[in-house]
Amino acid sequence: MATVMQRIKDIEDEMARTQKNKATAHHLGLLKAKLAKLRRELLTPSSKGGGGAGEGFDVTKSGDSRVGLVGFPSVGKSTLLNKLTGTFSEVASYEFTTLTCIPGVITYRGAKIQLLDLPGIIEGAKDGKGRGRQVISTARTCNCILIVLDAIKPITHKRLIEKELEGFGIRLNKEPPNLTFRKKDKGGINLTSTATTTHLDLETVKAICGEYRIHNADITLRYDATADDLIDVIEGSRVYIPCIYVVNKIDQITLEELEILDKLPHYSPISAHLEWNLDGLLDKIWEYLSLTRIYTKPKGMNPDYEDPVILSSKKRTVEDFCNRIHKDMLKQFKYALVWGSSAKHKPQRVGKEHELEDEDVVQIIKKV
């Protein structure tokens, strides 16, 4: 393990020494590929010996969505969890109070959202220091991440945490790279681009692919992709998670300082202790989770507005709705009646591929 960490440090030092320009792009791309491989090796150790050190905390996923609280020790994550969910997570003014993963559940707009208070992250987590590996492995399973920052020193902590999460293959508030990478049996490396590219040329692409022992592939770039984007696609293990920067303890800073912080994107100011703006934070969590509420309507009865079926905005067809209720429902499915913004008329008779909108009402008609 020490040798892998030493090699990571050596490469990071070499990258820091190397000037960024067109002549060094090829060399830096190669170093980035080596670094990505070493990080993967560090975080997914071989199965020889004890259990895999890269495993997360064993917390059963429950509810409709999972939100992780990540931050340095003593920034107020436990207080925030207690205020939002009523779960008791020990609160103290000394560091590392939470040494395991504490789950709580918020019921909000009919959805059950599991909130995880992950132990305070420390610098070097991505390199296996502290319990960082377990923290970030669990963070990878979340549908949204809240990075909790102390209003006194938010920017330095923000950069350090982002670096740790990035090193573990978590991409915050980003979409997957819009490029196609397809391996083939022969024909060498072919690079085509439908946009002007300033970061990647054929030589750099060949160097990165060579590091992964890939000698035949077709690569199509649809935008000005970087070496990091190409490595992310080749690695294939990246997760793209929406993130909110929760700046806590705003009661301890001036109005002028708060106005400066207000320019941060994806930002929500709160005071967990004084319960300031917790409603605003919940609204933002809801927006970033991008959930869709669908109400059921049994035949001859009124819709059930108390207990909606919760779907992801990316998987919200009638088929997804049926699978969420019971996996056998599709076998008996004839058609569905839909009331709401996705229906052209009320009700509209639709098939299982119909896309539902938030707060639609659905009645399933079964085969006789």
Side-chain angles (χ1 to χ4, degrees), residues 56-71 74-91 97-98 100-121 135-151 161 165 170 172-173 239 241-251 266-296 304-316 324-325 358-359:
F57 295 97
D58 190 16
V59 181
T60 307
K61 203 164 187 175
S62 70
D64 302 300
S65 220
R66 177 181 261 196
V67 174
L69 296 171
V70 178
S74 304
V75 292
K77 297 192 304 300
S78 298
T79 306
L80 181 59
L81 182 88
N82 294 345
K83 299 285 187 187
L84 290 177
T85 67
T87 302
F88 183 74
S89 179
E90 194 183 337
V91 177
T97 320
T98 307
T100 183
C101 181
I102 312 282
V105 175
I106 315 166
T107 302
Y108 188 67
R109 299 190 187 180
K112 290 181 176 61
I113 299 167
Q114 186 182 42
L115 199 61
L116 300 183
D117 177 10
L118 296 162
I121 197 171
V135 175
I136 309 181
S137 290
T138 307
R140 282 176 66 95
T141 68
C142 295
N143 304 100
C144 178
I145 289 174
L146 305 187
I147 293 182
V148 186
L149 302 165
D150 190 320
I161 291 169
L165 296 177
I170 295 173
L172 303 172
N173 295 324
V239 288
I241 303 177
C243 168
I244 301 167
Y245 300 95
V246 181
V247 180
N248 189 23
K249 306 182 188 177
I250 56 167
D251 50 304
H266 313 291
Y267 144 91
S268 184
I270 64 156
S271 168
H273 173 61
L274 297 174
E275 300 188 19
W276 290 357
N277 197 35
L278 296 189
D279 287 344
L281 174 59
L282 283 171
D283 278 348
K284 199 150 197 145
I285 291 170
W286 180 264
E287 179 196 334
Y288 278 52
L289 285 173
S290 198
L291 298 175
T292 303
R293 292 161 292 177
I294 308 297
Y295 302 113
T296 54
D304 178 5
Y305 291 113
E306 294 300 310
D307 191 16
V309 174
I310 306 293
L311 302 175
S312 147
S313 64
K314 289 175 183 163
K315 295 185 95 180
R316 52 189 169 88
R324 188 74 205 228
I325 295 170
D358 191 35
E359 297 201 271

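Hydrogens, waters and symmetry mates are skipped; everything else that's a heavy atom, side chains included, is used.
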(message) Would you compute the distance between atom CG of L116 and atom CG of L81 and round it to the nearest 0.5 angstrom?
(response)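 Between L116 CG and L81 CG, I get 8.5 Å after rounding to 0.5 Å.
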(request) Find the distance between OG (S312) and CG (L291) and round it off to the nearest 0.5 Å. (result)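 Output value for this atom pair is 7.5 Å.
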Less than 4.5 Å apart, side chain to side chain, heavy atoms only: is that true for [X] and [Y]?
{"X": "L84", "Y": "L115", "value": "yes"}
{"X": "P308", "Y": "I310", "value": "yes"}
{"X": "V105", "Y": "T85", "value": "no"}
{"X": "V246", "Y": "L149", "value": "no"}
{"X": "V148", "Y": "V70", "value": "no"}
{"X": "V67", "Y": "C142", "value": "no"}
{"X": "T296", "Y": "I325", "value": "yes"}

Please name the pair of heavy atoms, one in [X] and one in [Y], separated by the smallest distance, quoted to 0.1 Å.
{"X": "S268", "Y": "N277", "result": "OG-ND2, 3.9 Å"}
{"X": "L289", "Y": "S65", "result": "CD2-OG, 3.4 Å"}
{"X": "D304", "Y": "D307", "result": "OD1-N, 3.4 Å"}

(request) Could you pull out all residues at least two apart from K315 that satisfy side chain to side chain contact (heavy atoms under 4.5 Å, CB included)? (result)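 Per chain and number, K315 pairs via side chain to side chain contact (heavy atoms under 4.5 Å, CB included) with D320.
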(request) With sequence neighbours left out, write down each residue that passes side chain to side chain contact (heavy atoms under 4.5 Å, CB included) with D251, or none if nothing qualifies. (result)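 Here the qualifying residues are K249, S271, L274, W276.
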(message) Using a strict threshold of under 4.0 Å (side-chain N to carboxylate O), is an ion pair present between R293 and D358?
(response)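 Yes.
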(message) Whether the side chain of T79 engages the backbone of A272 through a donor-acceptor N/O pair (distance < 3.5 Å, no angle test) should be reported.
(response)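 Looks like no, no N/O pair under 3.5 Å.
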(request) Keeping the roles fixed (side chain from D64, backbone from I113), state whether a donor-acceptor pair exists under 3.5 Å. (result)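 Looks like no, no N/O pair under 3.5 Å.
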(request) Could you tell me which residues satisfy salt bridge (charged side-chain N to carboxylate O under 4.0 Å, His left out) with R140, sequence neighbours excluded, listed by chain and number? (result)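 Not a single residue meets the salt bridge (charged side-chain N to carboxylate O under 4.0 Å, His left out) criterion with R140.
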(request) Give the ring-plane orientation class for Y305 versus Y295, where under 30° counts as parallel, over 60° as perpendicular and anything between as tilted. (result)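 Perpendicular.
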(message) Under 3.5 Å, is there a donor on one side chain and an acceptor on the other for S78 and D117?
(response)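 A pair is found: one side chain offers a donor N or O, the other an acceptor, under 3.5 Å apart.
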(request) Give every residue pair that meets the salt bridge (charged side-chain N to carboxylate O under 4.0 Å, His left out) criterion with at least one member in residues 267-280, sequence neighbours excluded. (result)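 As it turns out, the salt bridge (charged side-chain N to carboxylate O under 4.0 Å, His left out) pairs with a partner in residues 267-280, which skip direct neighbours, are K83-E275.
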(request) List for me each residue that meets ring pair (Phe, Tyr, Trp, His ring centres under 6.0 Å) alongside H273, sequence neighbours excluded, and say none if there are none. (result)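 Partners of H273 under the ring pair (Phe, Tyr, Trp, His ring centres under 6.0 Å) test: none.
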For residues 280-287, which side-chain donor-acceptor pairs fall under 3.5 Å, sequence neighbours excluded?
| unit_1 | atom_1 | unit_2 | atom_2 | d |
| --- | --- | --- | --- | --- |
| D283 | OD1 | Y108 | OH | 2.3 |
| D283 | OD1 | R109 | NH2 | 2.9 |
| K284 | NZ | Y267 | O | 3.2 |

